[in-house]
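Structure, as structure tokens:
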Amino acid sequence: AEAAELKAMLKKLKRDAERQREEMELELERERANAEKDRANADRDRANVDRDRANAMTYATEAADLRGQVEQLQLDLERERHEKERERQQALARSMPYEAEAAD
């Protein structure tokens, strides 16, 4: 009877050990799947950072170009103002002698 009990106990221990092994394999598989998901998320995040960095450089370049264009337009406008003022002064100077003659 003792041998039968030991045999039954051994059989139960083997079943328990097999169940624990299967549970550990399932847990390990879940861990692997989670690690793979984490790696995929990290890769996606790195790609997003790279894209954002490239966009930021593009925006910075565009902003610098626009600032250059604005500065050029301001210089052109200032030059035009000076030309108009010079033309106005010349026209005024040309009309002065006639006004002086008319007063005589």
Side-chain angles (χ1 to χ4, degrees):
E2 196 175 308
E5 286 178 23
L6 288 175
K7 215 175 186 183
M9 199 183 298
L10 182 61
K11 193 174 183 180
K12 182 183 180 315
L13 287 173
K14 282 183 178 179
R15 275 196 315 264
D16 288 350
E18 180 63 21
R19 191 186 73 250
Q20 284 181 347
R21 187 186 63 75
E22 288 172 358
E23 287 174 2
M24 287 176 18
E25 284 178 0
L26 286 173
E27 182 62 27
L28 184 59
E29 192 54 42
R30 279 193 293 271
E31 293 288 334
R32 283 188 193 124
N34 286 338
E36 187 58 37
K37 248 190 285 185
D38 291 346
R39 274 192 294 279
N41 286 340
D43 289 346
R44 187 197 65 233
D45 290 347
R46 274 191 294 280
N48 287 342
V49 166
D50 290 345
R51 184 201 62 226
D52 292 347
R53 187 177 296 127
N55 285 343
M57 287 191 288
T58 298
Y59 298 148
T61 301
E62 290 174 357
D65 290 348
L66 290 173
R67 276 193 299 274
Q69 291 175 22
V70 166
E71 288 171 7
Q72 187 58 52
L73 288 171
Q74 288 173 330
L75 290 172
D76 292 348
L77 183 60
E78 192 60 28
R79 189 182 70 248
E80 272 187 46
R81 280 191 194 126
H82 285 299
E83 287 176 12
K84 295 287 185 203
E85 181 60 24
R86 188 174 42 80
E87 289 171 5
R88 192 181 73 74
Q89 294 293 334
Q90 288 174 349
L92 192 59
R94 282 194 302 271
S95 70
M96 288 292 190
Y98 302 119
E99 291 175 8
E101 286 178 16
D104 287 343

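Below, each value reflects all heavy atoms present in this structure, side chains not excepted, and no hydrogens, waters or symmetry copies. Everything numeric in this text was worked out from a predicted model, so none of it was measured.
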Glu78/Arg81 under side-chain contact (heavy atoms from CB on, under 4.5 Å): CA gap, chis, key distance, verdict: CA-CA 5 Å; Glu78 192 60 28; Arg81 280 191 194 126; 3.2 Å; yes
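- Salt bridge Glu23/Arg19: present, at least one basic N to carboxylate O contact under 4.0 Å.
- A salt bridge links Glu27 with Arg30; the closest basic N to acidic carboxylate O contact falls under 4.0 Å.
- The distance from atom CD of Gln89 to atom CZ of Arg94, rounded to the nearest 0.5 Å, is 11.5 Å.
- Ion pair Arg21/Glu18 flagged as a salt bridge, since at least one NZ, NE, NH1 or NH2 atom sits closer than 4.0 Å to an Asp/Glu carboxylate oxygen.
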Worked verdict on Leu26 versus Glu29 for side-chain contact (heavy atoms from CB on, under 4.5 Å): CA-CA 5 Å; Leu26 286 173; Glu29 192 54 42; 5.5 Å; no
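- Taken to the nearest 0.5 Å, the CG atom of Leu75 stands 12.0 Å off from the CD atom of Glu80.
- Rounded to the nearest 0.5 angstrom, Glu36 CD and Glu31 CD are separated by 13.5 Å.
- One finds a salt bridge joining Asp16 and Lys12 here, because a Lys/Arg side-chain nitrogen approaches an Asp/Glu carboxylate oxygen to under 4.0 Å.
- With rounding to the nearest 0.5 angstrom, the CG atom of Leu6 is 14.5 Å from the NZ atom of Lys11.
- Once rounded to the nearest 0.5 Å, the distance linking CD of Glu85 with CD of Gln90 reads 10.5 Å.
- Taking CD of Gln69 as the start and CD of Glu62 as the end, the distance is 10.5 Å to the nearest 0.5 Å.
- Considering all non-hydrogen atoms of both residues, Arg44 and Asn41 come closest at NH1-OD1, 3.0 Å.
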